[in-house]
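What follows is a single structure, written as structure tokens, with notes after it.
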Amino acid sequence: MLSGAVILSALELGCIYALVALALLVSFRILNIADMTTDGSFTLGCAVSATVAVAGHPILALPAAMLAGAAAGGITALLQTRFRIPSILAGIITNTGLYTVNLAVMGFSSNVNMLKTDTVFTLLRPLLGPSYRIVPAAVVTVLSAVLLVLFLKTRLGLSIRATGDNPDMVRASSINTGFTITVGLCLSNALTALSGALLAQYQKTADINLGTGMVIIGLASLIIGESLFPRGKLWMKAAGALVGSLLYRFIIAIALRMDLPSECLKLISAVIVALAIGLPGLKKGRKAAC
């Protein structure tokens, strides 16, 4: 059985990492782009958040991290739309360059210690008491999901969605697909960076390797949610991403409870993603064979 502290921790981390699932909903599902910038953008959000918080501005650190993440997404979009570099390769190039950028943001140190630094969570502790971490994490994530759904229903949002569905039709409608891709990737990486920013202040530390494997974690959360929620309306997809992230953290908590080595967590994530993606195809193959 999971203790109350473990359950609360899973909920807190699930809310924080749900922002990555929402980001991949935009890039991977809506734009149909495998954006490999995610790992670097997550670490960039951690680095910017930690640096700005240490300077005494923990609340300002969140929008600053989002702006930095959006800039990273913009570079990936530039490589893809202007230089005609394939989307996967463009993301890898940006992600590789971000390693040095992240080190520079952290003062060319591999980590930033925030033990004696105020964060958005500690600032709310006198007001919220024991819920000082779960409440702000949940509020930021739910608010982000609501704003994302509302944005994707605007004219620009519909253009972004149409770009992922049928880019040729969008071009025929005199819509600049390069612009819609750029906005979509900037939005996606801004959400990823916000997740990293919250995690850095939650853990009171930023490390250069915090973003490693973040694409797999986000995909696992997204696909788990899709398997539970019927595909269709946009708000259902966003809700699926949130619920999937929470369930993923509970799966990880159970794995840790079983005394599995922490080194195995990435393998567990990879297996979850492989099963979630592969099982529908196996079921179709069996039905066709019958």
Hey, are the side chains of L246 and S221 touching, using non-hydrogen atoms and a 4.5 Å cut-off? no
Any sub-3.5 Å donor-acceptor pair from N95's side-chain atoms to G40's backbone N or O? yes
Lys/Arg N to Asp/Glu carboxylate O, E226 vs R29, below 4.0 Å: yes
Are the side chains of S9 and L13 in contact, using a 4.5 Å heavy-atom criterion? yes
Below 4.5 Å, heavy atoms only, C-beta onward: do V20 and L191 meet side chain to side chain? no
With no hydrogens and no angle check, is any side-chain donor or acceptor of D39 less than 3.5 Å from a backbone partner on G213? yes
Between S109 and L103, what is the shortest heavy-atom contact and its length? O-CD2, 3.7 Å
Should V215 and I75 be counted in the same cluster of Ile, Leu, Val, Met, Phe, Trp and Tyr side chains packed under 4.5 Å apart? no
Does T212 reach the side chain of N209, with side-chain heavy atoms less than 4.5 Å apart? yes
Test the R125-Y132 pair against the cation-pi criterion, namely NZ or CZ under 6.0 angstrom from the six-membered ring centroid and within 45° of the ring axis. yes
Going hydrophobic residue to hydrophobic residue with side-chain gaps under 4.5 angstrom, can you get from I16 over to I134? yes
I7, CD1 atom: more than 12 neighbouring heavy atoms under 6.0 Å: yes
To the nearest 0.5 Å, tell me how far L222 CG sits from S227 OG. 10.0 Å
What distance separates F229 CZ from I224 CD1, expressed to the nearest 0.5 Å? 12.5 Å
ILVMFWY network linking L8 to L247, side-chain heavy atoms under 4.5 angstrom: yes
Quick one about S27 and D35 (side-chain donor to acceptor, distance below 3.5 Å, no hydrogens or angles considered), yes or no? no
Would you indicate whether the side-chain heavy atoms of T122 and K204 approach each other to under 4.5 Å? yes
Could you measure the distance from the OH atom of Y17 to the CD atom of E12? Nearest 0.5 Å is fine. 12.5 Å
Would you compute the distance between atom OH of Y202 and atom SG of C46 and round it to the nearest 0.5 angstrom? 13.5 Å
Minimal non-hydrogen separation, L24 against L219, with atom names: CD1-N, 3.4 Å
Heavy-atom closest pair (G69 atom, A193 atom, distance to 0.1 Å) is CA-CB, 3.7 Å
What I want to check is whether the side chains of T94 and T37 have a donor and an acceptor closer together than 3.5 Å. no
Closest approach of P136 to F121 (non-hydrogen atoms, all atoms of both residues): CG-CD2, 3.6 Å
Enter the distance from L187:CG to L147:CG here, rounded to the nearest 0.5 Å. 10.0 Å
Chi angles and distances behind the side-chain contact (heavy atoms from CB on, under 4.5 Å) call for F83, L78: CA-CA 7 Å; F83 293 91; L78 178 67; 4.1 Å; yes
Are the side chain of T117 and the backbone N or O of V54 linked by a donor-acceptor pair below 3.5 Å? no
Does the side chain of R249 reach to within under 4.5 Å of the side chain of L11, using non-hydrogen atoms? no
Taking CZ in F179 as the centre, count heavy atoms belonging to other residues, nucleotides or ligands within less than 6.0 Å. Is the count above 12? no
From the options I160, T81, L31, select the one residue that forms a side-chain contact (heavy atoms from CB on, under 4.5 Å) with T180. I160
Between V149 and L158, is there shared hydrophobic-cluster membership here, with clusters defined by ILVMFWY side-chain heavy atoms closer than 4.5 Å? no
What's the separation between atom OG1 in T163 and atom CD1 in I175, rounded to the nearest 0.5 Å? 6.5 Å
Determine the minimum heavy-atom distance between M169 and A162, stating which atoms define it. CE-CB, 4.5 Å
Could you walk me through whether D207 and T43 pass the side-chain contact (heavy atoms from CB on, under 4.5 Å) check? CA-CA 8 Å; D207 188 271; T43 307; over 6 Å; no
I'd like to know if the side chain of T141 reaches the main chain of C15, judged simply by a donor and an acceptor atom lying under 3.5 Å from each other, with no hydrogens or angles considered. yes
When you measure from the side chain of T177 to the backbone of R171, do you find a donor-acceptor pair of N or O atoms at a distance under 3.5 Å? no
If hydrophobic clusters are built from ILVMFWY residues whose side chains come within less than 4.5 Å, do W235 and V140 share one? yes
To check you understand the geometry: which heavy-atom pair defines the closest contact between G73 and C186, and what is its length? C-SG, 4.2 Å
Trace of the side-chain contact (heavy atoms from CB on, under 4.5 Å) decision for M66 with V48: CA-CA 9 Å; M66 293 184 70; V48 171; over 6 Å; no
side-chain hydrogen bond (donor to acceptor under 3.5 Å, both in side chains) contacts touching residues 48-65 (sequence neighbours left out): S49-Q201
Contact between L152 and R161 at the side-chain level, heavy atoms closer than 4.5 Å - yes or no? yes
Step-by-step side-chain contact (heavy atoms from CB on, under 4.5 Å) determination, L79 to I93: CA-CA 9 Å; L79 293 175; I93 291 172; 3.9 Å; yes
With heavy-atom distances below 4.5 Å as the criterion, would you say the side chains of L199 and F42 are in contact? yes
